[in-house]
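What you see is a predicted model, and the numbers here were worked out from it, not measured in a lab.
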Amino acid sequence: MSQDRPKTAIVLSGGAARGAYEAGVLAYIRDGLVRDTGVHAKIDILCGSSVGAINACVLAATMDQPETQGAFLARRWSSLNVDEVVPLKTTDLLRFTRSLFGAAPAGATHQHGGVLDPAPLERVVLDSVPWSMIQRNLAEKRFEALAISATHVSSGHTVIFVERDQPGLPPWGKDPFVHGVAARIRPQHALASAAIPIIFPAVSIDGQYYCDGGLRLNTPLAPALRLGAERVLVISLRHRPPQAEAPRLSLLPPPPGHGPPSAFFLAGKVINALWLDHIDYDLDRMRQTTGVLEAGRRAFGPGFDDALNAQLAAVDAPALRPIRELRIEPSVDLGVLAKDVAASPEFARRSKGVVARLLQRYAQTTEEREADLCSYLLFDASYCAPLVELGIADARAMRDELAELFR
């Protein structure tokens with residue numbers, strides 16, 4: 001690996017079924033970018049949270065086949081069936097009810113709690129990732145590090161599981177609520193990172209229970225920087241409307257006949273709150289650091305970075321370095337898209353399971369901008385395939401910026 005080439009990281013967010021959008025962006029980076037610009041994307045560091053952790057593991061395990069990675073991810077996401085991925089049976093409800101009134105019994109499986117049976121999702125993850133290839137690709141220097149976040153249930157702290165091409169961890173941060181752990185990444189780590197509380201059971205890893213990594217770190221930018229990234233591509237799963245179209249908070253009395261919110265509506269808002277993304281703050285702080293370093297070089301010469309970092313090292317503070325970043329995010333509201341799909345006659349004809357019917361009814365009776373829950377649980381080709389195409393289109397619209405980042 002060339003020592004003068006900046007290390008590049010891809011950071012993948014959490015968002016359950018919205019992860020199909022990430023697959024589309026990655027498909028363009030692997031297949032379309034070189035065709036449109038001649039630039040091959042070399043990826044050194046992969047960081048993911050929740051569904052982003054699963055996509056990151058797929059990339060890590062297939063890094064020996066970069067020419068097929070994008071097509072594989074797009075094809076896998078575009079073939080999902082909601083009745084198969086998130087089935088709901090009476091036994092699931094009984095099991096969940098029992099778990100509400102007690103801890104996991106001695107000798108129980110590695111999972112406990114959660115409304116939905118995770119076995120179908122487990123099969124998708126196990127079938128999609130050649131897990132043993134992660135270690136081989138690291139050993140053969142096809143990439144440098146894989147980091148996925150999970151939430152430690154008993155403490156609420158964030159744990160970053162890290163596997164890299166050398167033992168141990170790099171210098172880590174001092175945040176008492178975020179811990180780096182060197183690990184051999186296994187399916188349990190990805191499933192734990194994607195275990196949405198209440199919906200899916202927590203997952204046991206080495207005797208400790210973990211759930212969705214997006215609860216405290218939905219877009220794991222900091223781990224990418226600690227692993228040495230100097231260029232960062234962040235793929236977000238949250239649509240930001242233009243300022244003129246942003247919804248305004250209104251505390252006026254609702255119109256007559258406006259009843260209390262439904263349980264599905266509240267569930268969608270709870271998940272939104274749990275996955276509240278602080279990436280804007282993190283990116284702003286990173287840009288400020290880069291701006292200070294650039295201003296220092298202009299004012300004091302090219303040796304400013306070394307002089308400043310020498311002073312920081314004297315007080316045991318981390319070194320500062322300029323970071324180039326790029327963010328890609330959905331150009332349309334994924335909740336609105338999910339509502340349109342779930343309420344369509346085509347979806348009703350092809351999906352007959354309990355979850356599909358609940359999502360269909362919810363989509364038909366809720367307002368357009370309030371169908372967030374559909375966008376998280378609609379693990380179905382009718383929704384995921386358009387998300388893949390949207391990700392490809394949004395990435396293609398930023399091909400010049402992507403080419404500059406990876407050049």
Side-chain angles (χ1 to χ4, degrees), residues 12-25 48-58 73 76-88 114-125 128 148-151 190-203 210-220 235-239 264-277 329-330 333-339 341-342 351 353 355-356 358-359 362-363 370-388 390-391:
L12 302 171
S13 302
R18 296 184 180 204
Y21 178 83
E22 292 176 341
V25 175
S49 185
S50 194
V51 73
I54 295 176
N55 283 334
C57 287
V58 173
L73 269 169
R76 196 70 186 90
W77 274 100
S78 298
S79 64
L80 296 179
N81 185 299
V82 67
D83 293 340
E84 297 174 357
V85 179
V86 285
L88 180 62
V115 175
L116 297 177
D117 179 3
L121 181 60
E122 284 183 0
R123 286 194 293 272
V124 171
V125 172
S128 299
I148 61 178
S149 68
T151 302
L191 290 167
S193 184
I196 306 170
I198 307 301
I199 295 177
F200 291 112
V203 177
Y210 296 88
C211 65
D212 199 299
L215 300 188
R216 292 180 64 93
L217 193 64
N218 194 43
T219 306
I235 304 178
S236 174
L237 298 179
R238 188 181 294 271
H239 168 67
F264 272 92
F265 172 86
L266 289 174
K269 294 307 175 186
V270 166
I271 294 176
N272 275 347
L274 290 176
W275 283 336
L276 183 64
D277 207 336
E329 56 194 4
D333 190 318
L334 302 189
V336 174
L337 178 59
K339 171 184 165 60
V341 170
S351 304
V355 171
L358 289 172
L359 292 176
Y362 170 55
E370 309 301 343
D372 299 301
L373 188 64
C374 284
S375 70
Y376 295 126
L377 294 183
L378 201 52
F379 289 93
D380 194 83
S382 57
Y383 173 60
C384 292
L387 253 61
V388 169
L390 178 65

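The side chain to side chain contact (heavy atoms under 4.5 Å, CB included) test with S236 singles out one residue from E329, E22, R18, and that residue is E329.
For S49, the side-chain hydrogen bond (donor to acceptor under 3.5 Å, both in side chains) test picks out S149, with sequence neighbours left out. S351 is linked by a side chain to side chain contact (heavy atoms under 4.5 Å, CB included) to V82, D83, F347, A356, D380, counting only residues two or more places apart in sequence or in another chain. Applying the side chain to side chain contact (heavy atoms under 4.5 Å, CB included) criterion to A53, with sequence neighbours excluded, gives I148, S193. For S128, the side chain to side chain contact (heavy atoms under 4.5 Å, CB included) partners are F72, R76, V124, not counting sequence neighbours. Partners of F379 under the ring pair (Phe, Tyr, Trp, His ring centres under 6.0 Å) rule, at least two apart in sequence or in another chain, do not exist in this structure. The side chain to side chain contact (heavy atoms under 4.5 Å, CB included) test applied to I54 returns V125, A190, A194, not counting sequence neighbours.
The shortest non-hydrogen separation linking W77 to A17 is CZ3-O, 3.7 Å. The shortest heavy-atom contact between N55 and G19 is ND2-O, 3.3 Å. The two residues C374 and Y362 make their nearest non-hydrogen contact at SG-CD2, 3.5 Å. Residue P120 comes nearest to V85 through the heavy atom pair CB-O, 3.5 Å, listed as atom of the first residue, atom of the second, then distance. Nearest heavy atom pair, residue P197 against residue D212, reads CD-CB, 3.9 Å. Annotation for A381 and S78: closest pair CB-O, 3.1 Å, computed over non-hydrogen atoms.
Taking 4.5 Å as the limit, some side-chain heavy atom of V86 sits within range of a side-chain heavy atom of F200. By the 4.5 Å heavy-atom criterion applied to side chains, L80 and Y383 are not counted as neighbours. Counting only heavy atoms from C-beta outward, the side chains of L377 and L358 never approach each other to under 4.5 Å.
The distance from the SG atom of C57 to the CG atom of L12 is 10.0 Å, given to the nearest 0.5 Å. Atom CG in D333 sits 8.0 Å away from atom OG in S375 (nearest 0.5 Å). Interatomic distance, L337 CG to H239 NE2, rounded to the nearest 0.5 Å: 11.5 Å. In this structure, CG in L215 is found 8.0 Å from OG in S50, a value given to the nearest 0.5 Å.
A distance-only check finds no donor-acceptor pair linking the side chain of T151 to the backbone of G214 [under 3.5 Å].
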